[in-house]
Number of protein chains: 2
Amino acid sequence: MEKKEMIYYRLDEVDEKILAMLQDNARVSLKDIGAEVSMSPTAVGTRIDRMLAEGVLEGFTTKLNPEAMGHYIKAFINLEVSPEQKAEFYPYIDSVLNVVECNCVTGDYSMLIEVRFKTTADLDHFVGELQRFGKTKTQIVFSTNVKHRCRYWKNDLHHDEEKK
Amino acid sequence: MEKKEMIYYRLDEVDEKILAMLQDNARVSLKDIGAEVSMSPTAVGTRIDRMLAEGVLEGFTTKLNPEAMGHYIKAFINLEVSPEQKAEFYPYIDSVLNVVECNCVTGDYSMLIEVRFKTTADLDHFVGELQRFGKTKTQIVFSTNVKHRCRYWKNDLHHDEEKK
DNA sequence: CGTGAAAGGTCGAAAAA
DNA sequence: TTTTTCGACCTTTCACG
């Protein structure tokens, strides 16, 4: 069986350190990273460019605080969409900016939608809108124990110990 | 009724543009942002510092590609944890790096845990571990329609039109 | 991958709006 | 209070080894 399809990018320890620093603060200077990994800023820049080209690293963004911006209500909505309604559903759900994420999942419901709203009234209204696509089940978040981590997992990155 | 408790930070149009540019690429220079908003780099820096101090902006991070790093399986696990087990559950769940997020939610299950694993075997093993805390129901993601958006929503930011 | 020089970006003080 | 200007300093980029 050909396992080549499953191959992904190897990151060495320096790449991991660079990613870790960028995850912590994407605006650190190449010089500071270089000092940490004992390398020139130029070499660090080259590695970052390589990871961007490979697609392991997709870019740099901000950590925003939804609560501070008034988005107090976070909820997950399970939705059962029939196959014939999906063509209409997809563009609709993409247009709603309160949707944080929308996944197709296994189980009784076919969609799991994460949303953010300012008030429960706004959430209720949105859930009402969804009814035209199918049955819903809503779970409202009232506390978050582990906050969204986009991190990579160091111990999962060791593969391909042999070279080609 | 005092509504002061609900007040959050006002962002004007320039702040919104700055945030939008930083969300798109957190490593853009202050000069480039300044050119876009017709302002000096220094003034842009001052606004960013202010948003960081206020907490609206929490920092800068990377957009990583979990698939490229071998994290193919994404799943949501509903878990019913009894109150007396929570003291044990919280530190455990925080220590598992495959956990992307863990929320306390309303409904039949008290926890909704988002995870990433390399294989379904790894996921199965984790779900097995969770059984000691209570009943689980797992939904595996097989496609994502709307990808995680950390963005703020422009139309939600207009409040306090009157000045104090 | 490192070096060094040129180009470009950032920071802080002072002044202007 | 917020923004601009300006100089000093810091960072990035690129050609070359």
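Everything numeric here is computed off the predicted structure, so don't read it as measured data. Convention: sequence-line order gives letters A, B, ...; per-chain numbering from 1. Atom set for the values below is all heavy atoms of this structure, side chains included, hydrogens, waters and symmetry mates excluded.
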Q) Quick one: does S29(B) reach the base of dG8(C) with a side-chain donor-acceptor pair under 3.5 Å? A) no
Q) So does T46(A) reach the base of dC1(C) with its side chain, donor to acceptor, closer than 3.5 Å? A) no
(Q) With a 4.0 Å cut-off on N to O distance, would you call D32(B) and R27(B) a salt bridge? (A) no
Q. So, are D122(A) and R116(A) salt-bridged, with charged N and O less than 4.0 Å apart?
A. no
The side chain of [X] lies closest to which of these nucleotides: [options]?
| X | options | value |
| --- | --- | --- |
| D32(A) | dT11(D), dT10(C), dG12(C) | dT11(D) |
| R27(A) | dT10(C), dC14(D), dT12(D) | dT10(C) |
| A43(B) | dG4(C), dT10(C), dT4(D) | dT4(D) |
| S40(A) | dG12(C), dG2(C), dT12(D) | dG2(C) |

Value in whole Å for how far the [atom2] atom of [N] lies from [atom1] of [X]:
| X | N | atom1 | atom2 | answer |
| --- | --- | --- | --- | --- |
| I18(B) | dT2(D) | CD1 | P | 13 Å |
| I33(B) | dT3(D) | CD1 | P | 14 Å |
| L30(A) | dT12(D) | CG | P | 4 Å |
| I48(B) | dG12(C) | CD1 | P | 14 Å |
| K31(B) | dT13(D) | NZ | P | 13 Å |
| D15(A) | dC1(C) | CG | C1' | 14 Å |

Q. N103(A) and E101(A): which non-hydrogen atoms are nearest, and at how many Å?
A. ND2-OE1, 3.1 Å
Q. Does the side chain of R50(B) get closer than 4.0 angstrom to OP1 or OP2 of dT1(D) through an N or O atom?
A. no
Q: Give a yes/no answer on whether the side chain of R47(B) brings an N or O atom under 4.0 Å of OP1 or OP2 in dT3(D).
A: yes
**Q.** Mutual orientation of the aromatic rings belonging to F117(A) and F126(A) [parallel < 30°, tilted 30-60°, perpendicular > 60°]
**A.** tilted
Q | DNA chain D: 5'-proximal contact among D49(A) and D12(B) (nearest heavy atom) | A | D12(B)
Q) Would the number of heavy atoms belonging to other residues, nucleotides or ligands and lying under 6.0 Å from NZ of K31(B) be above 12? A) no
